[in-house]
There are 2 protein chains.
Amino acid sequence: MLTIYDIAKITGFSPTTVSKVINNYPDVSDKTRNKIKKALVESGFKPNAQAQFLSTKKTWTIGVVYYEGVGIGLAHPFFSYVIQAFKHRVEEYGYSLLFGSKTDRLKNSTFLEYFKYSRVDGIVIISTEEGNKETEEIINSDFPCVIIDIRNNNAATVSSDNEKGCKLAIDYLYELGHRKIAHISGGFGDRNWSSTTRIKCYKEAMNNLGLNVPNGYIADGVNFDYSGGYSAMKKLLKLKDRPTAVFAAGDKLALGAIAAIRDEGMNVPDDFSVIGFDDIELARYVTPGLTTIRQNSTELGRSAADILVEQINQKKKLTVNNVIPVELVKRDSCRKIN
Amino acid sequence: MLTIYDIAKITGFSPTTVSKVINNYPDVSDKTRNKIKKALVESGFKPNAQAQFLSTKKTWTIGVVYYEGVGIGLAHPFFSYVIQAFKHRVEEYGYSLLFGSKTDRLKNSTFLEYFKYSRVDGIVIISTEEGNKETEEIINSDFPCVIIDIRNNNAATVSSDNEKGCKLAIDYLYELGHRKIAHISGGFGDRNWSSTTRIKCYKEAMNNLGLNVPNGYIADGVNFDYSGGYSAMKKLLKLKDRPTAVFAAGDKLALGAIAAIRDEGMNVPDDFSVIGFDDIELARYVTPGLTTIRQNSTELGRSAADILVEQINQKKKLTVNNVIPVELVKRDSCRKIN
DNA sequence: CTGTTAGCGCATTCAA
DNA sequence: TTGAATGCGCTAACAG
């Protein structure tokens, strides 16, 4: 591979001048600049990013943290859209994405260690448990960072307006005449912020309408997953005072719940109304079309990117909690009763 | 951040010796080794990856190429699983994933240029069009690379046994009594290998059974997408000699097709049998459960990782075309007729 | 406007 | 068994 020394030799100028041309310094004559630029293009020269970093301390790289253990992986039907939007936005700023790894080679047990090694300019965390040690470690480090899908007083975060979303869902079911409304939660015990928040807001929304939440009306959907929704719904179906409607904390949960209802020989929306959360791509392609609360994945990603880059540029960590609006998307999985 | 010079000062040894300890060189006394190791751990020292590279020429980084323009993005419900498996496998070897970017900052118009800049050790390409210029450029470069979901005589590739998959699908429908079997293709004109291969194998399988393929029986599903399947099915429904079964080149296509059938007031599998390809996660959670040809995403990813790392280690490009078995998964979207 | 010099942090000779 | 010297490719301070 060519170096700036090679270009210097070819053009007869010094490596410094070549470097200046590459980095658009003003103090180079047009004549020289053009000559060097020409050589640069003709030779297909690419600067060496690692060597650049050694001088500039900037890798133009953002580290990405997924906690796959809790089902939030690359393949997540909702967060993958968020990270895609995030990627596009940071690319506009000139950054690329590096995925955090724990490898034997580095004997690194945490993401932070990996990012220290690879010297990323900033870190984005996709959905974390509250109080997660790795997350705390990153928040307390010098790395600029942003966390998606949680709120935290000591960090920059971006999350959906869960409060509003839950209220929209419950109020809508109420409008349709439902009074017995159950909730399938995202699970993870009390560690998952989205899950606990939606449970809390579900209760509040019920309360505001004067509805009570009988025992067993909050069913644990485990990993925000199809199978979690499936088994949670099975439990709800065993209740002697069955609900007429179910508000699921995620679309996968809702789809799992619908599968469970179907397996019991019943039908949505005739026997149960089901409403989800997220609006994943296929929500509109299933039968029945899934009524849900749409989270704006694009805006979540973009906003996270903006906050992160702002911190990098300002060289200081910010503590803002951006909240992104949600909306109710009516399809066919809920119906009017009575 | 600490450097090996700092560790040298702390322990009283030279930077060289510290480096030797870090890299497990044998010619260091146990006493010295232990002292330095202790200091390393206590100080939380992490070597600087960029500086390391400058000496070793190895970044321990794999570049990832997605062609988002053709709908194969981070958020793809099938390939995201493949890349996840790939990631896990390369991590076992000590590598991390860097996503290829085209940024204004680098004025780079191709992925190859970006990877030259960032000096990745190898490149993985997720599903490419045949003859794609960027792909060709990478194949012809010095970078070890592997391409998923295509076959090519000049490169290392990993793909599913599409031939077998199509045959399984058509034979199964035949067994169920279907004779009028249509195909919804993946689209992309003639540039997408999976799409064209499945069209070809669909025809062959039909031929082998003595079935003919009437005009209009191959409908273009555009981007392997829900909406493509939806509109393709709409066209099939307008045929005067309607098929009784549809073999879709992808699960998203199949789900889109089912939605179209439903929108016309009809039903799967009563009015049409539909079989997909991929076995994406939710295939089993939709109504009806989608019968499909399962591609082994884990094995695709693992195999790709293995071939790529082998090329890196051997320092030479290989040209192998690994083919991963597929299987028929029977659910409820197909039924016996007559 | 151009070039000389030094240094970023590490691994690798090669002496000692 | 240890360490001094050198180079990887680049940018930045400074001098001319």
Side-chain angles (χ1 to χ4, degrees), chain A residues 1-37 39-40 43-61 94 105-107 113-121, chain B residues 1-37 39-40 43-61 94 105-106 113 115-121:
Chain A
M1 293 259 168
L2 293 170
T3 72
I4 55 171
Y5 292 93
D6 297 317
I7 306 296
K9 251 175 213 155
I10 294 172
T11 58
F13 294 95
S14 72
T16 307
T17 306
V18 174
S19 172
K20 283 178 180 172
V21 171
I22 291 170
N23 294 294
N24 288 316
Y25 276 56
D27 58 343
V28 179
S29 73
D30 282 350
K31 207 183 276 180
T32 305
R33 186 185 305 278
N34 289 334
K35 276 187 191 168
I36 293 178
K37 273 201 170 169
L40 251 23
S43 64
F45 172 84
K46 284 285 149 195
N48 182 309
Q50 279 73 21
Q52 260 180 349
F53 165 79
L54 222 46
S55 291
T56 61
K57 302 286 157 222
K58 201 162 164 62
T59 55
W60 290 101
T61 281
R105 180 177 65 86
L106 297 172
K107 306 183 217 60
E113 284 179 339
Y114 177 70
F115 292 135
K116 277 187 179 170
Y117 167 74
S118 55
R119 304 300 204 266
V120 295
D121 292 334
Chain B
M1 292 263 170
L2 292 170
T3 71
I4 55 171
Y5 293 92
D6 297 318
I7 306 296
K9 251 175 213 155
I10 294 172
T11 56
F13 293 95
S14 72
T16 306
T17 306
V18 174
S19 171
K20 285 179 178 171
V21 170
I22 291 171
N23 295 294
N24 288 315
Y25 276 56
D27 59 342
V28 179
S29 72
D30 282 351
K31 206 183 278 181
T32 305
R33 187 185 303 279
N34 289 334
K35 274 188 192 169
I36 294 179
K37 272 202 172 171
L40 250 23
S43 64
F45 171 83
K46 284 285 148 197
N48 181 310
Q50 279 73 20
Q52 257 179 352
F53 164 80
L54 223 46
S55 291
T56 61
K57 301 283 155 225
K58 202 163 163 60
T59 55
W60 290 101
T61 281
R105 178 176 68 84
L106 298 172
E113 285 180 337
F115 292 135
K116 277 186 179 171
Y117 167 74
S118 55
R119 303 299 202 265
V120 295
D121 293 335

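Letters A, B, ... mirror the listed sequences (proteins, then strands); counts begin at 1.
Within the 4.0 Å cut-off from OP1 or OP2 of C/dA11, at least one side-chain nitrogen or oxygen of B/N23 is found.
Distance, A/Q50 CD to C/dC10 P: 14 Å, rounded to whole Å. Rounded to an integer number of Å, the gap from B/L40 CG to C/dC10 C1' is 13 Å. Atom CD1 in B/I7 sits about 9 Å away from atom P in C/dC10, given to the nearest Å. The CZ atom of B/F45 sits 10 Å away from the P atom of C/dG9 (whole-angstrom rounding). Atom-to-atom, CD of A/Q52 to C1' of C/dG9 comes out at 16 Å; the value is rounded to the nearest Å. Atom-to-atom, CZ of B/F53 to P of D/dG9 comes out at 8 Å; the value is rounded to the nearest Å. When the P atom of C/dA11 is taken as reference, atom OH of B/Y25 falls 8 Å away, rounded to whole Å. Residue B/W60 contributes atom CH2, which lies 13 Å from atom P of C/dA11 at whole-angstrom precision.
Contact record, A/R33 with A/N24: NH1-CA, 4.2 Å, taken as the closest heavy-atom pair. Here the closest non-hydrogen pair linking B/P15 and B/A8 is N-CB, 3.5 Å. In plain terms, the two heavy atoms of B/T59 and B/D121 that are nearest each other are N-OD1, 3.1 Å. When all heavy atoms of A/Q50 and B/S118 are compared, the pair lying nearest together is NE2-O, 3.3 Å.
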**Message:** One character per nucleotide, please: for nucleotides 1-8 of chain D, 5' to 3', B when the base has a protein heavy atom closer than 4.0 Å, S when only the sugar-phosphate does, - otherwise.
**Reply:** SBBBB-BB

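Under the 6.0 Å distance and 45° angle rule, B/K57 counts as a cation-pi partner of B/F53.
A/V21 pairs with exactly one of A/L40, A/T11, A/T16, A/I4 by the side-chain contact (heavy atoms from CB on, under 4.5 Å) rule, that one being A/L40.
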